[in-house]
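This is a predicted model, so every value here is computed, not measured. Quick note on labels: first sequence line is chain A, next is B, and so on, each numbered from 1.
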2 protein chains.
Amino acid sequence: MLIAEVSEKFNLTPDTLRYYERIGLIPRVNRNKSGIRDYTEQDCKWVEFIKCMRGIGLPVEILIEYVELYQQGDSTLDSRKELLIDQRKQLAARMEEMQKVLVRMDGKITRYEQTILEKEKGLSRAK
Amino acid sequence: MLIAEVSEKFNLTPDTLRYYERIGLIPRVNRNKSGIRDYTEQDCKWVEFIKCMRGIGLPVEILIEYVELYQQGDSTLDSRKELLIDQRKQLAARMEEMQKVLVRMDGKITRYEQTILEKEKGLSRAK
DNA sequence: GCTTGACTTGGAGTTAACTCCAAGAGGTAG
DNA sequence: CTACCTCTTGGAGTTAACTCCAAGTCAAGC
């Protein structure tokens with residue numbers, strides 16, 4: 001699969017795909033005889049995984065670490081598991097924070113609605 | 001309240017507090033006769049609100065807009081409500097996305113645990 | 001009256017994560 | 001064979017959100 005297709009498929013620019021590879025956010029992609037990237041099924045899975053994790057704000061630095069561990073093989077299974085557990089925990093914490101803010105916003109919105117209603121009432125009475 | 005105390009209270013550096021004020025992320029804080037910031041209770045509430053909203057990643061740009069609307073008075077009640085509703089919606093969407101990733105991570109972690117267990121079994125049998 | 005320390009301002013520097021660009025090469029259409 | 005298109009690389013530029021800095025002011029202590 002050529003870079004343009006992968007770009008299309010995952011809605012990431014070719015520049016971003018090359019950048020991800022450059023910094024080790026995805027393993028190196030093989031080139032054909034004329035030096036052009038040819039993404040395997042595996043490569044695409046990595047791209048999808050990384051896009052998904054970046055999408056929720058997981059930092060590039062952590063993901064690079066994960067890819068590095070992966071490339072070192074089975075000896076890093078434990079570290080990779082720990083890394084995931086740690087990130088899962090942080091994710092859950094962020095979600096809790098967001099949940100609180102969501103509730104707070106709901107309260108604020110309700111209060112705005114009331115204030116606006118009262119304004120209108122005041123106006124119609126004054127008519 | 002002096003900037004140092006506000007900084008302490010909300011765990012934001014004085015530089016960040018000044019920056020927030022400069023860009024209009026919080027309304028202008030009054031200065032005493034010698035030009036030094038003196039935060040009122042109201043100012044502190046703004047700081048807390050902004051810190052909370054920034055904490056979950058609400059962009060500075062949007063918050064500036066909110067503050068601007070606020071400063072224009074009651075005529076912007078509707079716009080402020082709409083802004084909040086819009087941000088609330090986006091927040092909920094982000095949380096859904098995160099929820100999916102959380103589940104995905106859990107699956108990955110479980111699979112790592114299984115793989116590791118199997119490795120161990122294999123080893124002990126080989127002993 | 002001079003030093004010290006916390007504050008002021010405007011402006012420059014930093015970091016993360018892209019995003020763009022210039023120079024060059026390979027394959028294909030005319 | 002030449003033009004054109006898409007790819008390559010290394011490196012420079014951009015954006016958001018701070019974070020740091022230099023030069024100056026002012027009140028308090030000695």
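- In this structure, B:N11 places its CG atom where only 12 or fewer heavy-atom neighbours from other residues, nucleotides or ligands lie under 6.0 Å away.
- Computed from coordinates, the B:N32 CG to D:dT25 P distance equals 17 Å when rounded to whole Å.
- Phosphate proximity of D:dC18 to B:Y20: present, with a side-chain N or O under 4.0 Å from OP1 or OP2.
- Taking atom CZ of residue B:R18 and atom P of nucleotide D:dC21, one finds them 13 Å apart after rounding to whole Å.
- Following rounding to the nearest Å, B:I62 (CD1) and D:dA16 (P) show an atom-to-atom distance of 12 Å.
- One interatomic measurement links the two molecules: CG of B:L17 to C1' of C:dC7, which rounds to 13 Å at whole-angstrom precision.
- Taking every side-chain heavy atom of B:V60 into account, D:dA17 is the closest of D:dA27, C:dG11, D:dA17.
- Ranked by how close their nearest DNA chain D nucleotide is to the 5' end, B:G57 and B:G35 are led by B:G57.
- Comparing atom distances between the B:D15 side chain and each of C:dG27, D:dC20, C:dT8 picks out D:dC20 as nearest.
- As judged by a 4.0 angstrom heavy-atom cut-off over every strand, A:P59 is placed among residues touching the sugar-phosphate backbone only.
- Here C:dT19 is the nucleotide among C:dC20, C:dC7, C:dT19 with the atom lying nearest to any side-chain atom of A:T16.
- Aromatic pair B:Y66/B:F49: ring centres closer than 6.0 Å.
- Judged purely by distance below 3.5 Å, without hydrogens or angles, the side chains of A:T16 and A:T13 pair a donor atom with an acceptor atom.
- Relative to the side chain of B:A4, the nucleotides D:dT9, C:dC7, D:dC7 differ in distance, and C:dC7 lies closest.
- Here C:dT8 is the nucleotide among C:dT8, C:dA17, D:dA27 with the atom lying nearest to any side-chain atom of B:R37.
- In this structure, CD1 of A:I64 is placed 11 Å from P of C:dA16, rounded to the nearest angstrom.
- In the hydrophobic clustering of this structure, A:L84 groups with B:M98; members are Ile, Leu, Val, Met, Phe, Trp, Tyr whose side-chain heavy atoms approach within less than 4.5 Å, directly or through other members.
- C:dA6 atom C1' lies 11 Å from atom CD1 of B:I3, rounded to whole Å.
- Comparing D:dT8, D:dC20, C:dT19 by their closest approach to the side chain of B:R22 singles out D:dC20.
- Put simply, CG on B:L2 is 9 Å from C1' on C:dA6, counting in whole angstrom units.
- Across the protein-nucleic acid pair, B:M53 atom CE and D:dA17 atom P stand 15 Å apart, rounded to whole Å.
- Surrounding CD of B:E8 are at most 12 heavy atoms belonging to other residues, nucleotides or ligands under 6.0 Å away.
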